[in-house]
Engineer: 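Below is one structure. I have some questions about it.
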Amino acid sequence: MPLRKDQIHMTIIQTIQEGVAQAVKALYGIEMPAEKVTLTPTRKEFEGDYTVVVFPFTKAARKKPDQIGEELGAYLADAVQEVSGFNVIKGFLNLVVNDAYWSAFLEGIYQDKGYGRHPANGQKVMVEFSSPNTNKPLHLGHIRNILLGWSTAQILDAAGYEVVKVQVVNDRGIAICKSMLAWQEYGNGATPATTGKKGDHFVGSFYVLFEQKFQEEYKAWQQSEAGQEAFSQWKRDEKAVAKAEKAIAEAARKAEGKAEREGKTFDPADFTLEKHFFGSVFKNTYFNAHSALGQKAKAMLLAWEAGDKEVLTLWSTMNGWVYEGFDQTYAKLGVSFDKLYFESNTYLLGKDAITEGLGKGIFYQKADGSVWIDLTDAKLDHKLVLRSDGTSVYITQDIGTAQERYKDFGVDKMVYVVADEQDYHFQVLFETLKRLGEPYAAGLHHLSYGMVDLPSGKMKSREGTVVDADDLVAEVVSEARANAQERDTLSALSKAEQEEIISQVGLSALKFFIIKVQPQKRMTFDPKESVDMQGQTGPYVQNAYVRVQSVLRKAAGGVDFGGAKAYGPLANIERELIGQLYAFPALIQEAAESYDPSGIANFCYDLAKNYHRFYHDHSILNAESAAAKSFRLMLSQAVANTLRTGMNLLGIEMPERM
RNA sequence: GGUCCCAUAGCUCAGUUGGAUAGAGCACCUGACUUCUAAUCAGGCGGUCGCAGGUUCGAGUCCUGCUGGGAUCACCA
């Protein structure tokens, strides 16, 4: 009788742990809870499935590890039905689980395409990701964000949560005004349609144009009397200069070290007081107080806030172009959202919460009218939540938006996928929401991730080293196309089917490359490696799945799983594969709890790797017996199901052939 | 100056609650397609797990200090 799935999963490890706890009590009089027994998967080079570490018992038992191992092993082999054998090596007790147990397990799951997924747990979670600004197209950094957000959402779904996927569109502010202004001044009425450009790229080009014009203006001003006067006036502030000199020396030291490591030239002329002053100290002041373009952009922002009709029309037109572009990119990446929050609707939210919190003494007001929260007892700082003129800041908005979302969906948890430069912001936000007594406060999580670097260093928009999302997708897909043409395995299919597969393969290379790295780590993105399709890559995993599909097709009419029971003994690689399948549901749970999809990616790779080896070493359709054939087909089917589920959790689709 | 993140092979990365001789891929070298798809498999080469202490039967993993890299500490978002 096949065991029920949920029964079979979590039990063998627990069964052994119980057995060990019982054994040490009977043999040595040691009382110990079963879950404290250290049980690890047996290393490949030894025989066995699970290993009991016996060192912890040496003291109480007053015996040598090897002897304890022998005694425990004998006890377990006798007392635990599933344990069919054991060996002791250097104080480690390796236990062999009998074939019948594994066969029954496999038979219980191989038909289940959703194997590994958990039943609904009644909880609701919101995942926020992507959240772009509308002034320029998506780039590589957004791709990491989107892939993390999407896969986390899929994983939470598989772990039993009801998931709501949202993004906040940062559609207002000075940035979009810059694009609008540049279009108004230099656009001559051009549109994405008249230029044949994708909408987000079109608008982004005007943002770049604004920055160019601004830089021209600023450079000229720096040489002017007013500019030099500002500089020399600042130089009289000894404290500021001393601080700047320190910062410059530090920056120069780092740049020099870096140049040396990478064999590049180091130019000390880049680290002068004047460059530092105009580059970082004074730039905002210039934009706000001196720049003609800055004045115009700010005037446009004010007009927008005042509801100026003409400005609003231009704003919604240009944002509309951007959304068309974003939608195409999202569609290509295969992601979607359940709800969009627009900053233009939410930027005024949160004030009520501040007023309310002020009444409760959670916030305090300074003489100038500004409102603050004191978080020093939470090892944070004092934080402004309302300006002295009564207007909101970023965090005010986030408080209001969180409340709004809770009203909309009543979620138990909220996950924010945002780069690690905002770690502090989210600490403050979550602590504040906690003090406000929000019902979801315990379920807040910032899925923080490291920046994406290029082999040449940081991406810098000013230096034009930003990797565009659309270009990147096009590149991996065209690489996949070239590979497919060379291999010529798809020629029997229609053009549309071929293109779909090519896109699936190319995207899997890109997605897998990014998602296999743990979120909190900075990662180096080498474009050359990202299009690799051999080795530890998405296509490698897809290929294992495709091999199964091919075998199943070839066995058509002759697929018979019925004889599997009679098969035995299992080969090591077969046991190993089943052991991996066995661990999958718990892995999903773990990935959900840690909000980290990278483990799923590495699992898929390991499973595919073992399957490739199995496939190479053992014939399936021409197996030595009918029983072996049935069993291996069953195993192949189960591996394919698991690979597909696992890769889908990463947002990667599996082709039937490639 | 305060706080946070990161450091494992030439490069990119894994490494379960602390467990055996620290693993993959790429690159480089050698071999395997008459055989279910070679986007594959097998073998070789490659390590002071940043440094120094500490806890432990046992430390890449936990604690402390240091070094290096990154971020952050706005009435910006």
Side-chain angles (χ1 to χ4, degrees), chain A residues 35-36 38-46 51 53 55-56 58-59 65 89-92 94 133 170 173-175 254 257-258 284 343 347 366 368-372 379-381 383-389 391 393-395 397-398 419-425 427 448 450-451 453 455 458 480 483-484 486-487 489 505 509 513 516-518 520-526 528-529 532-544 546-555 583 586-587 590 598-599 601-602 605-606 609 612-613 615-623 632 636 657-658:
Chain A
E35 66 272 15
K36 290 280 231 177
T38 308
L39 200 64
T40 61
T42 302
R43 295 176 65 111
K44 265 198 285 233
E45 58 266 40
F46 306 114
T51 297
V53 181
F55 289 102
T58 51
K59 215 178 241 176
I89 299 168
K90 291 170 73 177
F92 292 87
N94 303 317
N133 295 322
N170 298 303
I174 194 71
K254 280 184 185 170
K258 197 178 170 191
N284 279 342
E343 202 202 352
Y347 82 110
K366 284 190 179 174
D368 63 4
S370 60
V371 180
W372 298 70
K379 285 182 74 180
L380 298 166
D381 218 329
K383 175 77 188 174
L384 176 100
V385 291
L386 220 51
R387 293 192 186 101
S388 50
D389 63 5
T391 56
V393 288
Y394 182 47
I395 196 155
Q397 216 188 110
D398 271 358
D420 63 8
E421 59 192 349
Q422 295 199 39
D423 284 355
Y424 182 76
H425 169 75
Q427 280 182 36
S448 168
M451 295 286 175
D453 291 322
K458 275 190 185 181
N483 279 332
E486 199 177 314
R487 294 162 48 79
T489 47
V505 172
F513 185 80
K516 72 178 182 186
V517 181
Q518 292 166 346
Q520 75 271 22
K521 298 204 180 182
R522 267 185 107 88
M523 66 171 293
T524 307
F525 184 90
D526 187 336
K528 281 205 299 287
E529 283 178 28
D532 251 349
M533 308 208 174
Q534 285 163 7
Q536 195 176 29
T537 67
Y540 174 95
V541 180
Q542 288 178 322
N543 187 232
V546 162
R547 282 180 142 181
V548 174
Q549 303 315 312
S550 177
V551 168
L552 291 173
R553 275 196 303 271
K554 289 264 160 63
L587 183 74
E590 198 185 306
S598 67
N602 288 303
Y605 171 72
D606 287 336
K609 185 175 166 60
H612 278 307
R613 189 151 69 87
Y615 179 93
H616 181 266
D617 291 348
H618 299 277
S619 188
I620 300 166
L621 295 178
N622 299 314
R632 287 179 189 150
S636 297
R657 48 185 101 216
M658 64 192 281

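Chain identifiers are assigned alphabetically (A, B, ...) following the order of the sequence lines, protein sequences preceding nucleic acid strands; residue numbering begins at 1 within each chain.
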Engineer: Does one side chain, of Asn94(A) or Thr51(A), offer a donor that lies under 3.5 Å from an acceptor on the other?
Structural biologist: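 Yes, because at least one side-chain N or O of Asn94(A) sits under 3.5 Å from a partner of the opposite role on Thr51(A).
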Engineer: If I take atom CD from residue Glu343(A) and atom CD from residue Gln397(A), how far apart are they, to the nearest 0.5 angstrom?
Structural biologist: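 Result: 4.5 Å between the selected atoms.
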Engineer: Using atom C1' in both nucleotides, what's the gap between rA27(B) and rC11(B) to the nearest angstrom?
Structural biologist: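 Comparing C1' positions in rA27(B) and rC11(B) gives a spacing of 8 Å.
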Engineer: How close do Pro65(A) and Gly91(A) get, heavy atom to heavy atom, and via which atoms?
Structural biologist: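 Smallest heavy-atom distance, with atoms named: CB-CA, 3.8 Å.
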Engineer: What contact category does Val53(A) fall into here, base, sugar-phosphate, or nothing, at under 4.0 angstrom with non-hydrogen atoms?
Structural biologist: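 Base: the residue Val53(A), judged by heavy atoms under 4.0 Å, touches a nucleobase.
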Engineer: Considering heavy-atom distances to RNA chain B, does Ser598(A) or Ile620(A) have its closest nucleotide positioned more toward the 5' end?
Structural biologist: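 So the residue in question is Ser598(A).
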Engineer: Within the structure shown, what part of the strands sits under 4.0 Å from Ile395(A) by heavy-atom distance: base, sugar-phosphate, or nothing?
Structural biologist: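 It contacts nothing in the nucleic acid.
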Engineer: Nearest whole Å is fine: how far is rC76(B) C1' from Asn133(A) CG?
Structural biologist: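 Checked: the CG to C1' distance equals 12 Å.
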Engineer: Using a 4.0 Å heavy-atom cut-off, does Glu343(A) contact any base of the nucleic acid, only the sugar-phosphate backbone, or nothing at all?
Structural biologist: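 It contacts sugar-phosphate atoms only.
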Engineer: When you compare rG23(B) with rA9(B), how far apart are their C1' atoms, in angstrom units rounded to a whole number?
Structural biologist: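 Those two atoms are separated by 11 Å.
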Engineer: Is a side-chain donor or acceptor of His612(A) paired with a backbone partner of Tyr540(A) at a separation under 3.5 angstrom?
Structural biologist: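 Yes, because the side chain of His612(A) sits within donor-acceptor range (under 3.5 Å) of the backbone of Tyr540(A).
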Engineer: Whether Lys528(A) contacts rC26(B) is assessed here as follows: a side-chain N or O lying under 4.0 Å from the phosphate OP1 or OP2. Is that the case?
Structural biologist: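 False: Lys528(A) side-chain N/O out of range (4.0 Å or more) of rC26(B) OP1/OP2.
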Engineer: Look only at the side chain of Ser636(A) and the backbone of Arg632(A), and say whether a donor-acceptor pair between them is shorter than 3.5 Å.
Structural biologist: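 Here the side-chain-to-backbone pair exists.
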Engineer: So, Asp423(A) versus Ser448(A): side-chain donor-acceptor pair below 3.5 Å or not?
Structural biologist: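 There is such a pair between these side chains.
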Engineer: What is the distance, to the nearest angstrom, from the CG atom on Asn483(A) to the C1' atom on rU40(B)?
Structural biologist: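 After rounding, the gap between these two atoms is 14 Å.
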Engineer: For the residue pair Lys90(A) and Phe55(A), what are the closest heavy atoms and their distance?
Structural biologist: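 Minimum heavy-atom separation between Lys90(A) and Phe55(A): O-CZ, 4.0 Å.
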Engineer: Return no unless some side-chain N or O of Lys609(A) is found under 4.0 Å from OP1 or OP2 of rG25(B).
Structural biologist: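 Affirmative; the distance criterion is met.
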Engineer: With distance as the sole criterion, do the side chain of Asn543(A) and the base of rA38(B) form a donor-acceptor contact below 3.5 Å?
Structural biologist: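 Such a pair does not exist between side chain and base.
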Engineer: Under 4.0 Å between any heavy atoms, over every strand shown, what does Pro65(A) touch: base, sugar-phosphate, or nothing? Just pick one.
Structural biologist: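 No contact at all - Pro65(A) keeps every heavy atom at 4.0 Å or more from the nucleic acid.
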Engineer: Look up atom CG in Leu386(A) and atom NZ in Lys366(A), then write down how far apart they are to the nearest 0.5 Å.
Structural biologist: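 Going from the CG atom of Leu386(A) to the NZ atom of Lys366(A) covers 13.5 Å.
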Engineer: Atom NE2 of His616(A) and atom P of rC36(B): how far apart are they, to the nearest Å?
Structural biologist: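 Whole-Å distance recorded here is 12 Å.
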Engineer: Can you tell me how far P of rU17(B) sits from CD of Glu590(A), to the nearest Å?
Structural biologist: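 It is 7 Å, rounded to the nearest whole Å.
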Engineer: Look at all strands and tell whether Tyr540(A) reaches a base, only sugar-phosphate, or nothing, counting heavy atoms closer than 4.0 Å.
Structural biologist: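 Sugar-phosphate, backbone atoms only, no base.
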Engineer: Nearest to the side chain of Ser619(A), heavy atoms from C-beta on, is which of rG70(B), rC73(B), rC36(B)?
Structural biologist: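 The nucleotide sitting nearest to the side chain is rC36(B).
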Engineer: Once Watson-Crick and G-U wobble pairs under 3.5 Å are found, how is RNA chain B written in dot-bracket notation, 5' to 3', with | for any base paired to another strand?
Structural biologist: (((((((..((((.....[...)))).(((((.......))))).....(((((..]....))))))))))))....
Engineer: For Met658(A), does its backbone N or O pair with a side-chain atom of Thr489(A) as donor and acceptor, under 3.5 Å?
Structural biologist: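 Yes.
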Engineer: Which nucleotide in the set rG19(B), rU37(B), rC75(B) lies at the smallest distance from any side-chain heavy atom of Ser370(A)?
Structural biologist: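 My answer, after comparing the listed nucleotides, is rC75(B).
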Engineer: For Arg43(A) and rA22(B), is the shortest distance between a side-chain N/O and OP1 or OP2 below 4.0 Å?
Structural biologist: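 Looking at the OP1 and OP2 atoms of rA22(B), neither is under 4.0 Å from any side-chain N or O of Arg43(A).
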Engineer: Below 3.5 Å, does any donor atom in the side chain of Ser388(A) face an acceptor in the base of rC75(B), or the other way round?
Structural biologist: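 Present.
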Engineer: Tell me the interatomic distance from Tyr605(A), atom OH, to rG23(B), atom P, rounded to whole angstroms.
Structural biologist: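 Roughly 15 Å, once rounded to whole Å.
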Engineer: Expressed in whole Å, how much space separates the C1' atoms belonging to rA32(B) and rG19(B)?
Structural biologist: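 Each nucleotide's C1' atom is 37 Å from the other's.
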Engineer: Would you mind classifying the nucleic acid contact of Asn94(A) as base, sugar-phosphate or nothing, using non-hydrogen atoms under 4.0 angstrom?
Structural biologist: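 Base contact.
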Engineer: Looking only at heavy atoms, which two atoms of Asp398(A) and His425(A) are closest? And how far apart?
Structural biologist: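 Residues Asp398(A) and His425(A), closest heavy atoms: OD2-NE2, 2.8 Å.
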Engineer: Determine the minimum heavy-atom distance between Val505(A) and Gln542(A), stating which atoms define it.
Structural biologist: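 Of all heavy-atom pairs spanning Val505(A) and Gln542(A), the closest is CA-OE1, 3.4 Å.
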Engineer: Could you tell me the separation between the CD1 atom of Ile89(A) and the CZ atom of Arg43(A), rounded to the nearest 0.5 Å?
Structural biologist: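 Here the rounded value is 11.0 Å.
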Engineer: If I take atom NZ in residue Lys36(A) and atom P in nucleotide rG18(B), what distance separates them, rounded to the nearest angstrom?
Structural biologist: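 After rounding, the reported distance stands at 10 Å.
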Engineer: Taking the P atom of each, how far is rA20(B) from rC62(B), in whole Å?
Structural biologist: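 Comparing P positions in rA20(B) and rC62(B) gives a spacing of 16 Å.
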Engineer: Could you please spell out the steps behind the side-chain contact (heavy atoms from CB on, under 4.5 Å) verdict for Asn543(A) and Arg547(A)?
Structural biologist: CA-CA 6 Å; Asn543(A) 187 232; Arg547(A) 282 180 142 181; 4.2 Å; yes
Engineer: Return the nearest nucleotide to the side chain of Thr42(A); candidates are rG19(B), rA20(B), rU16(B).
Structural biologist: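 Selected nucleotide (nearest to the side chain): rA20(B).
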Engineer: What interatomic distance, in whole Å, is found between P of rG53(B) and the corresponding atom of rU16(B)?
Structural biologist: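 Straight-line distance between the two P atoms is 25 Å.
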Engineer: Measure the distance between the ring centre of Phe46(A) and the centre of the six-membered base ring of rA20(B), then answer whether it is under 5.5 Å with planes under 30°.
Structural biologist: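 Yes, Phe46(A) stacks on the base of rA20(B).
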Engineer: Regarding Ile89(A), tell me which of base, sugar-phosphate or nothing describes its non-hydrogen contacts under 4.0 Å with the strands shown.
Structural biologist: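 Base, at least one base atom sits under 4.0 Å.
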Engineer: Pairs under 3.5 angstrom, nitrogen or oxygen only, protein versus nucleotides 9-12 of chain B, please.
Structural biologist:
none

Engineer: Would you indicate which nucleotide in rC75(B), rU72(B), rC36(B) comes nearest to any side-chain atom of Arg387(A)?
Structural biologist: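 When the side chain of Arg387(A) is considered, rC75(B) is the closest of rC75(B), rU72(B), rC36(B).
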Engineer: Think Lys59(A) has a side-chain N or O under 4.0 angstrom from the OP1 or OP2 of rC57(B)?
Structural biologist: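 Checking Lys59(A) against rC57(B): at least one side-chain N or O falls below 4.0 Å of OP1 or OP2.
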Engineer: On RNA chain B, check which nucleotide each of Val546(A) and Arg613(A) is closest to and give me the residue with the more 5' one.
Structural biologist: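 Its nucleotide being nearer the 5' end, the pick is Val546(A).
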Engineer: If we take the C1' atom in both rG46(B) and rC5(B), what is their distance in whole Å?
Structural biologist: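 One C1' to the other, the span is 30 Å.
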Engineer: Around atom CD of Glu486(A), are there more than 12 heavy atoms of other residues, nucleotides or ligands at under 6.0 Å?
Structural biologist: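 Atom CD in Glu486(A) is not packed in, count stays at 12 or less.
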Engineer: Quick one: is rU21(B) close enough that its OP1 or OP2 comes under 4.0 Å of any side-chain N or O from Lys90(A)?
Structural biologist: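 Yes, within the criterion.
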Engineer: Counting the atoms with a prime plus P, OP1 and OP2 as sugar-phosphate, which does Arg547(A) contact under 4.0 Å by heavy atoms, base, sugar-phosphate, or nothing?
Structural biologist: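 Sugar-phosphate: the residue Arg547(A), judged by heavy atoms under 4.0 Å, touches backbone atoms but no base.
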Engineer: C1' atom, rC66(B) versus rG47(B): distance in rounded Å?
Structural biologist: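 Pairwise C1' distance, rC66(B) against rG47(B), rounds to 23 Å.
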Engineer: Using the P atom on both, measure rA71(B) against rG15(B) and round to a whole Å.
Structural biologist: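 Pairwise P distance, rA71(B) against rG15(B), rounds to 25 Å.
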Engineer: Base, sugar-phosphate alone, or nothing: which one does Thr51(A) contact when heavy atoms must sit under 4.0 Å apart?
Structural biologist: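 Thr51(A): base contact, heavy atoms under 4.0 Å.
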Engineer: Hey, what are the protein-to-nucleotides 1-8 of chain B N/O distances that come in under 3.5 Å?
Structural biologist:
| unit_1 | atom_1 | unit_2 | atom_2 | d |
| --- | --- | --- | --- | --- |
| rA7(B) | OP1 | Lys521(A) | NZ | 2.7 |

Engineer: Could you report the tightest heavy-atom contact between Ile395(A) and Leu384(A), atom names first, then the distance?
Structural biologist: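 Here Ile395(A) and Leu384(A) meet closest at CG2-O, 3.8 Å.
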Engineer: Starting from P on rC76(B), measure out to CG on Asn170(A) and report it in whole angstrom.
Structural biologist: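 In whole Å, rC76(B) P lies 16 Å from Asn170(A) CG.
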Engineer: Please name the pair of heavy atoms, one in Tyr605(A) and one in Gly535(A), separated by the smallest distance, quoted to 0.1 Å.
Structural biologist: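 What the structure gives for the nearest pair is CE1-O, 4.0 Å.
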Engineer: Please report the distance, rounded to the nearest Å, between CG in Asn602(A) and P in rG23(B).
Structural biologist: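 In whole Å, rG23(B) P lies 16 Å from Asn602(A) CG.
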